[in-house]
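Structure record follows, encoded as structure tokens.
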Protein chains: 2
Amino acid sequence: MEDLDAQILKLLAADGRMSFTDLGKATGLSTSAVHQRVKRLEQRGVIKGYGASIDYDQVGKPLTAFISIRPIDPSQPDDSPERLRDITEIESCWSVAGDESYILKVRVATPTDLEDLLARVRAAANVSTRTTIVLSTPYEHRPTS
Amino acid sequence: MEDLDAQILKLLAADGRMSFTDLGKATGLSTSAVHQRVKRLEQRGVIKGYGASIDYDQVGKPLTAFISIRPIDPSQPDDSPERLRDITEIESCWSVAGDESYILKVRVATPTDLEDLLARVRAAANVSTRTTIVLSTPYEHRPTS
DNA sequence: TCTGAAATGAGTGAACA
DNA sequence: TGTTCACTCATTTCAGA
């Protein structure tokens, strides 16, 4: 990882739609040079993708929660992420060390929807759940230098 | 929230660099029409921004963790998010219901860096911490339909 | 790996339905 | 809100250093 690539990554993490022209101005490179570097970073998978961050309060999904799950039968192989992949309310899934095996981040419209979602998670992965409701999000997705 | 706006948001959440031309083809609108809608969604704050998602394993920050914090002195007003804002290793901060008051998502290079970070978090916000290490990330940042 | 030039394609704004 | 058109600017490729 070079210094120039690190600069480009930070700029793109902060503004994923920044143009190659502007990236060039910010880094002192020509448009073509940044273009080549960005394409290479994409091919190597250093840049995994681009996204828009949405205000879910404004689109009818104001309720965010973390669901920690733990297998009911620890003797079985744990393929929870695959079993849960089709549940579209799950935005992220992290495998973690500690009392629980995975943490899910989910987004729903209402408490009733959350109750329904929990039932589907338990049934699909044969797990017990512990849910933490998000009250507000002071900040999120900050570029970690 | 209209159907067309919802489509656009989903497409942009999945690919934040998709061109207005392609968005138009996908939604059946003209380039200008999507352009107008996207600008309006940005102005209203429905689209909060755009970002690149980085593979931090490849840029020397392979260690991700969740830190749950709780005030040591509950009689004091809790402005932890402001006190912690300048710690750049913190990628996200959620206010939550439950035993703890906030959950932080952090990214560092090594366990020693995590130890150091925990000390800084405790000192800056006068909190106790509970840390959960992320072992792997099966998926993350999925567009929640 | 970079630059600069040239071609293609996208972003942007105005006039209008 | 939508479309089309005309203009500007960005993206992409390539030759050369």
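What you are looking at is a predicted structure, and each value in this text was computed from that prediction instead of being measured. Chain identifiers are assigned alphabetically (A, B, ...) following the order of the sequence lines, protein sequences preceding nucleic acid strands; residue numbering begins at 1 within each chain.
Distance, A:L4 CG to C:dT3 C1': 15 Å, rounded to whole Å. Between the NZ atom of A:K39 and the C1' atom of C:dT1 there is a distance of 18 Å, rounded to whole Å. For A:Q43 and C:dT1, the CD to C1' distance is 15 Å, given to the nearest whole Å. Computed from coordinates, the B:Y50 OH to C:dG11 C1' distance equals 13 Å when rounded to whole Å.
Evaluation of the salt bridge (charged side-chain N to carboxylate O under 4.0 Å, His left out) rule for B:D113 yields no partner, not counting sequence neighbours. For B:R122, the salt bridge (charged side-chain N to carboxylate O under 4.0 Å, His left out) test picks out no residue, with sequence neighbours left out.
In summary, A:R17 and B:E42 do not engage in a salt bridge, as defined by a charged side-chain N under 4.0 Å from a carboxylate O. A salt bridge is absent between B:K61 and B:E91: the closest approach of a Lys/Arg side-chain nitrogen to an acidic carboxylate oxygen does not fall below 4.0 angstrom. Taking a cutoff of 4.0 Å between a charged side-chain nitrogen and a carboxylate oxygen, B:D5 and B:R40 qualify as a salt bridge.
Just one residue in the list A:R107, A:R120, A:K105 forms a salt bridge (charged side-chain N to carboxylate O under 4.0 Å, His left out) with A:E89, and that residue is A:R120.
When the nucleotides D:dT1, C:dG4, C:dG13 are ranked by their closest atom to the side chain of B:S32, C:dG13 comes out on top. When each of C:dG13, D:dG2, C:dT3 is scored by its nearest atom to the side-chain atoms of B:H35, the top-ranked nucleotide is C:dG13.
Between A:L114 and A:L118 the shortest side-chain heavy-atom distance falls below 4.5 Å.
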Open item on the list: Could you go through B:R37 and B:T27, starting from their C-alpha distance and side-chain angles, then the distance that decides it, and tell me whether this counts as side chain to side chain contact (heavy atoms under 4.5 Å, CB included)?
Closed with: CA-CA 12 Å; B:R37 279 176 179 270; B:T27 54; over 6 Å; no
Open item on the list: What does the 5'-to-3' dot-bracket notation of DNA chain D look like when only Watson-Crick and G-U wobble pairs under 3.5 Å count, and pairs to other strands show as |?
Closed with: ||||||.||||||||||
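Counting non-hydrogen atoms of other residues, nucleotides and ligands closer than 6.0 Å to NZ of B:K48 gives a total above 12. The local environment of CD in B:E115 is sparse, with at most 12 non-hydrogen atoms from other residues, nucleotides or ligands closer than 6.0 Å.
Remark: A:S19, A:F20, A:T21, A:T31 in residues 17-31 of chain A come within less than 4.0 Å of DNA chain D through at least one heavy atom.
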For nucleotides 15-17 of chain C, give me every protein contact, N/O to N/O, under 3.5 Å, one pair per line with atom names.
none

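Comparing D:dT12 with C:dT12, their P atoms sit 15 Å apart, to the nearest whole Å.
Pairs engaging residues 11-67 of chain B under the ring-ring contact (aromatic ring centres under 6.0 Å, His included) rule: A:W94-B:F66, B:F20-B:H35 [sequence neighbours left out].
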